[in-house]
Amino acid sequence: MNTPQQLQHIPVLLERTLELLQPKKGETYLDLTAGYGGHAGKVIEAIGDAHFATLVDRDENAISALEPLKKRGACVIKTDYASAAATLNGQGESYDMILLDLGVSSPQLDIAKRGFSFMQNGPLDMRMDQQTGFTAAEICNKASENELVQILREYGEEPHANKVAKAIIANRPFSTTTQLADVVGKVYRGRRGKIHPATRTFQALRIAVNQELQQLQDTLLLIPNLLRPDGRVAIISFHSLEDRMVKRFFKEEQEAGYEARLQILTKQPISGAIDDVHNPRARSAKLRAAVKIK
Ligand SMILES: C[S@@+](CC[C@H](N)C(=O)[O-])C[C@H]1O[C@@H](n2cnc3c(N)ncnc32)[C@H](O)[C@@H]1O
């Protein structure tokens with residue numbers, strides 16, 4: 001079995017992110033989704049001292065993988081990024097660069113026992129932080145039909161949300177990923193699409209389990225405060241709902257007249273499709289960035 005340091009995640013849109021963050025010697029960096037340190041490692045190289053970096057993740061394996069950067073002086077915090085942002089803001093901290101690289105890491109998807117993947121059998125968990133919160137199985141087994149429909153529709157954009165919710169209710173209790181994937185597959189029997197029938201259901205449950213949209217919404221509001229004048233923020237999203245939230249927030253901040261705090265650096269989002277050759281998981285990524293107005 002791999003140790004956390006041996007688990008691999010290829011950073012998405014690395015070069016383009018660095019071009020937008022423009023790290024310079026002696027600057028400070030807050031990485032709210034540090035993962036396996038791919039982006040963080042390159043930024044730290046450029047700023048020249050790991051002591052100027054604060055790295056946040058809620059996943060135990062990611063925190064272990066960040067140990068080498070911690071040993072070099074980086075401040076590593078295991079918590080959800082909305083709580084980290086609120087605490088750092090409360091302490092009056094501010095940074096020259098902030099990065100949010102949303103979504104899941106490759107090891108989260110690849111390790112069957114984390115329960116994120118319908119391609120491998122494992123416990124139906126999906127929690128990024130396995131010490132807190134409800135698992136995907138608990139949601140499937142306890143939610144009302146209406147709650148399931150709402151989760152599937154809103155977070156998964158599942159066109160057959162009603163049918164999938166009914167099938168979940170009829171077949172519970174659930175404990176494994178393949179059990180759920182098979183039930184959703186039966187709803188789709190005879191209808192063949194480009195993606196696996198369980199893709200949207202798994203995405204919806206993952207977003208619900210980890211409260212991903214709420215985390216992003218709460219954190220966006222704090223970003224202008226957490227940036228120093230001329231500070232840059234880059235956000236990589238993998239879901240249209242997240243990208244829309246980021247786009248709207250940057251636009252509102254830029255168009256706030258004399259109260260405007262951010263200026264958009266990316267008129268159009270940069271698509272991860274350009275990284276696709278090396279990393280198929282980059283395909284759905286969208287990168288947006290903004291700079292804090294002095
Ligand atoms: C796409 S990976 C980041 C990869 C990283 N940029 C790298 O180059 O290795 C996303 C990471 O964000 C973490 N994450 C996602 N949502 C989080 C949240 N709300 N709070 C803290 N960490 C979160 C996940 O655990 C995962 O490790």
Side-chain angles (χ1 to χ4, degrees), residues 4-18 20-21 23 29-46 53-70 74-88 97-111 114-116 125-133 155 203 206-220 222-223 233-239 241-243 245-246 272 275 278-287 289:
Q5 279 83 357
Q6 288 166 329
L7 296 170
Q8 294 252 324
H9 174 90
I10 304 173
V12 167
L13 288 167
L14 179 59
E15 294 307 322
R16 305 307 293 269
T17 304
L18 292 171
L20 290 162
L21 287 178
Y29 175 59
L30 172 62
D31 192 328
L32 288 169
T33 54
Y36 287 74
H39 291 95
K42 286 288 178 195
V43 172
I44 288 170
E45 243 173 60
T54 301
L55 312 177
V56 177
D57 207 290
R58 56 168 29 172
D59 183 295
E60 194 60 55
N61 286 339
I63 292 297
S64 303
L66 293 168
E67 192 61 30
L69 292 175
K70 187 175 174 185
C75 169
V76 175
I77 307 173
K78 180 182 180 293
T79 187
D80 68 275
Y81 65 69
S83 301
T87 304
L88 294 166
M97 292 161 290
I98 300 177
L99 176 63
L100 272 159
D101 175 16
L102 303 168
V104 286
S105 64
S106 299
Q108 281 168 339
L109 283 174
D110 294 342
I111 299 173
R114 300 300 303 268
F116 284 92
D125 189 328
M126 300 198 200
R127 286 171 305 162
M128 291 182 187
D129 179 349
Q130 292 189 294
Q131 270 141 21
T132 62
Y155 302 155
Q203 174 187 291
R206 193 201 84 208
I207 290 175
V209 164
N210 297 291
Q211 301 178 331
E212 293 180 31
L213 300 182
Q214 195 59 51
Q215 284 276 310
L216 180 58
Q217 188 59 49
D218 293 350
T219 304
L220 284 174
L222 299 174
I223 294 238
V233 56
I235 305 183
I236 303 171
S237 61
F238 293 82
H239 190 287
L241 291 171
E242 289 168 347
D243 182 56
M245 277 167 61
V246 176
D275 267 7
H278 316 289
N279 186 5
R281 281 185 188 149
R283 206 169 299 156
S284 56
K286 288 205 171 124
L287 165 63

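Ligands are counted one by one from 1 in listed order, and the atoms in each one are counted from 1 as well.
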Open item on the list: Regarding Asn210 and Gln215, do their side chains bring together a donor and an acceptor under 3.5 Å, going by distance alone?
Closed with: no

Task: Short side-chain to backbone donor-acceptor contact, Thr33 and Asp101, under 3.5 Å - done: yes

Task: Any donor-acceptor N/O pair, His239 side chain to Tyr155 backbone, under 3.5 Å - done: yes

Task: Heavy-atom proximity to atom 26 (C) of ligand 1, best of Asp57, Thr17, Thr33 - done: Asp57

Open item on the list: Minimum distance, heavy atoms only, to atom 2 (S) of ligand 1: which one of Leu32, Asp59, Asp101, Ile77 is it?
Closed with: Asp101

Distance-only N or O hit between ligand 1 and [X], under 3.5 Å:
{"X": "Gln108", "result": "yes"}
{"X": "Asp80", "result": "no"}
{"X": "Tyr36", "result": "yes"}
{"X": "Gly38", "result": "yes"}
{"X": "His9", "result": "no"}

Open item on the list: Can you name the atoms of ligand 1, numbered from 1 with element, that are less than 4.0 Å from a heavy atom of Gly37?
Closed with: 7 (C), 9 (O)

Task: Atoms of ligand 1 close to Gly103 [distance to a heavy atom under 4.0 angstrom, numbered from 1] - done: 10 (C), 15 (C)

- [ ] Please check if atom NZ in Lys78 has more than 12 non-hydrogen atoms from other residues, nucleotides or ligands closer than 6.0 Å.
- [x] yes

TODO: Flag yes if more than 12 heavy atoms outside Gln130 fall under 6.0 Å of its CD atom; otherwise flag no.
DONE: yes

Hey, is [X] touching ligand 1 through its side chain, its backbone, both or neither, going by heavy atoms under 4.0 Å?
{"X": "Gln215", "answer": "side chain"}
{"X": "Gln211", "answer": "neither"}
{"X": "Met128", "answer": "side chain"}
{"X": "Thr79", "answer": "backbone"}
{"X": "Ala40", "answer": "neither"}
{"X": "Val104", "answer": "backbone"}
{"X": "Leu102", "answer": "backbone"}

Task: salt_bridge(Arg127, Asp125) N-O dist < 4.0 Å - done: yes

Open item on the list: Students should be able to answer this: which protein heavy-atom is nearest to atom 23 (C) of ligand 1, and at what distance?
Closed with: Arg58 CG, 3.7 Å

- [ ] Considering only non-hydrogen protein atoms, determine which one is nearest to atom 20 (N) of ligand 1 and report residue, atom name and distance to 0.1 Å.
- [x] Tyr81 N, 2.8 Å

- [ ] Please verify whether a non-hydrogen atom of Ala34 lies at under 4.0 Å from ligand 1.
- [x] yes

- [ ] Could you tell me which non-hydrogen atom of Leu102 sits nearest to which non-hydrogen atom of Ser237, and how far apart they are?
- [x] CD1-CB, 4.0 Å

Task: Atom of Ala34, atom of Asp57 and distance for their closest heavy-atom approach - done: N-OD2, 3.7 Å

Residue pair [X] / [Y], side-chain heavy-atom distance below 4.5 Å:
{"X": "Leu69", "Y": "Val76", "value": "no"}
{"X": "Phe116", "Y": "Asp110", "value": "no"}
{"X": "Val43", "Y": "Thr17", "value": "no"}
{"X": "Met128", "Y": "Val104", "value": "yes"}

